[in-house]
Structures are given as structure tokens and as C-alpha cells.
Amino acid sequence: MIAATPELVVLERLLDGASRHGEVSVLVHAEGAGLRLPVHALRFGTDAPDAPALIVVGGVHGLERIGTEVVLAFLTTFLAQLAWDEVLGEALRRCRVCFVPLVNPVGLALRRRANGRGVDLMRNAPPHPETVATPWVGGQRVSPRLPWFGGHAGAPMEPEAAALLRFVDAQTRASPLALALDVHSGFGMVDRLWFPWARTRRPLPHLAEIYAFKQLLDQTLPNHVYHLEPTARVYTIDGDLWDHAYDTRAARGGGALLPLTLELGSWLWVKKNPRQVLSLLGGFNPIKAHRLRRTLRRHLPLFDLLLRATVSVRAWAFPDPARRAALDAAGFAAWFAAGSR
Ligand SMILES: [Zn+2]
């Protein structure tokens, strides 16, 4: 029998304190390989359906433990602030902040990317007819024995993926604007912030809002480390969960969900400590203690910016038509025009 992972133990220890300030719940129990582990969600702030919302997610891929650890580091800071920080208290009267720090607890316990049934949760949404997925890494529907298996064609979504999307929908369905950050690791030398779509190289309808967020990020944190770009610049994905969440919200109209994926550049940790590539988890996580601590504090300014951007959404999103056209053109030139990078 595999014991619960340290990340789940830390999360469950935080729930007690969290329940004094917000609402904690179990979205679903994830099962597989004889395990049955809870997927916890936490929710703070106003109940008003039409309030802006921020959703913070981690642990979708079981090998990328650092994603959950980065979310737990923010949650720890957030909970400590709740006890004394009147600025945060005021912010939460105007917005909602939700956490799902560990979406795939069975994958984490089994030390594998997929969930307990061998499904890559990030490729598990219903396929979109427009999808042109990169072969293999973009998802396959052939066999759970091969990597990047998104589930059998026509099968219902996996319980963890379906529960996450239901929760996101319930918390954001009437929000004028909601932001989400889903923390992963494992690609490249820099920390990337990816935005939809992942299924196609075409620009998404809310390119103006994404570019307005880029300006906010660049102007507020001028020394930030992030490379903001559409996921599809790197590879295209069949059944991307966040594409599905974005499309579902966009189809309803009257507001938007802007989901970002933070893909921590794990090749940098491998480069500085080449021996760690020999361990199963070493390709995806910082192993040395000082590097782990640096990673855990490195992203706190981003979370703070996201929280402030959520509360103050009317100050930077919802441009008038002329400004929208300008932002849209700038976004297109930055990410979609021939020769952009
Ligand atoms: Zn991942």
C-alpha cells in the first residue's frame, strides 16, 4: 500500500486553518491501483456570482510535484495573510479566490504523469473538430500503455478532470472575468506562461484581454521571469482541459475565463545538477534544497499580481472598441504574425 504523498499531507494540514476563513470541499475521490484519494478544493471570498474570480490549480500531472508545491507555497502565504491582512480582506469582499492544489493525487502517489487509470488529464477534454494536434505529445486515444493517452474516443471524461471543470464552471460562470493559473513543469529552460488555444495556432477571441494582461505583467513586474505565449507555439494538444474551460465560458457570453498554464522550465534545474536526470522525478522537479526554496518563493509576486488583477479587473480588461482593436493588433503582431516570436 502506498502512503499518501507528502504534498497531500501538507495540504490536509492546511485545510483546518483554511476552513475558518473559507469553504473546503472534496470535489471527487480519485481511484486507481488500489488507492482512493481525495481531490480537495478551497474557496475564499465573496459568494456573489458576478464577482471576478481567480482559480489556482496544481498537480494535474503526477510527476510534476513542484507544481503542487508552488501552489501550496502560495496557499500557505495566503492563509497566513488572511489572519491579519486587511488589504486582502477587502479584496476578498470584491472577488473570489479558489484553489485545487492537487488534481491527480493518485498519479502523484504512483509517481507517474497520468491518473490512476493511465489517462493524461490535460488531454482528456472532448476533442474539438478544429484540432490539429502535434503527433503523440499532443495526445493520443490509442492506448493507456503509451504516454499522453487522452482517454478512449467517446468515453466520458475522467472523474478528476470532470470534477475540476465543474468546479471551475461553478465558480466563474457569471464572473465578468476570471483568471486561472495551472502550475506544471518540465519544458525548456525558461518559465513559460501559456494561454489558449492549445488545439490550434489561430488566435483566441480574447487576444486583447491577454495582451492587456501582458502589459500589466511587464509594467508591474518589469524584472519578471516569464515568457508569455500561446501553448500552440510549442505544440498543439487534443482535448486540452483549459481550451475546453475557455470555450465553455466563451460560448455562454457575457464574460470570459482566461486560463494560464505556468510551465516551470525544469531543464534549468537539470542543467545545474545533471545527475538528477537519472532519477524519475529529477527531470521535472528541483532536487537540491536551496533550488526548491528558490522556486517556491520565485512565483509569489506572480500570484500577488494575479490576485490584484482579479480584484481590479475593471481597470485593465474590458477595453473600449478602439483600444480593443489596438490591443488585438499588438497581440497578433507579438504572437501570430509571420516572424513573431
Ligand atoms: Zn504538466
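Whatever order the structure lists them in is the order used to number ligands and atoms, beginning at 1.
Ion pairing between D120 and R113 holds under the 4.0 Å rule for side-chain N and carboxylate O. Ionic pairing of R324 and E209 is present here: one or more N-O contacts between side-chain nitrogen and carboxylate oxygen are shorter than 4.0 angstrom. In this structure, R323 does not pair ionically with D320, as no charged nitrogen and carboxylate oxygen lie closer than 4.0 Å. For D191 and R298, the salt-bridge test passes: some basic side-chain N is under 4.0 Å from an acidic carboxylate O.
When all heavy atoms of R43 and C98 are compared, the pair lying nearest together is CG-SG, 4.0 Å.
Atoms of the protein (N, O or S only) found under 2.8 Å from the Zn ion (ligand 1) are H61 ND1, E64 OE1, E64 OE2, H184 ND1.
When hydrophobic residues (I, L, V, M, F, W, Y) are linked wherever their side-chain heavy atoms come within less than 4.5 Å, the members clustered with V119 are F149.
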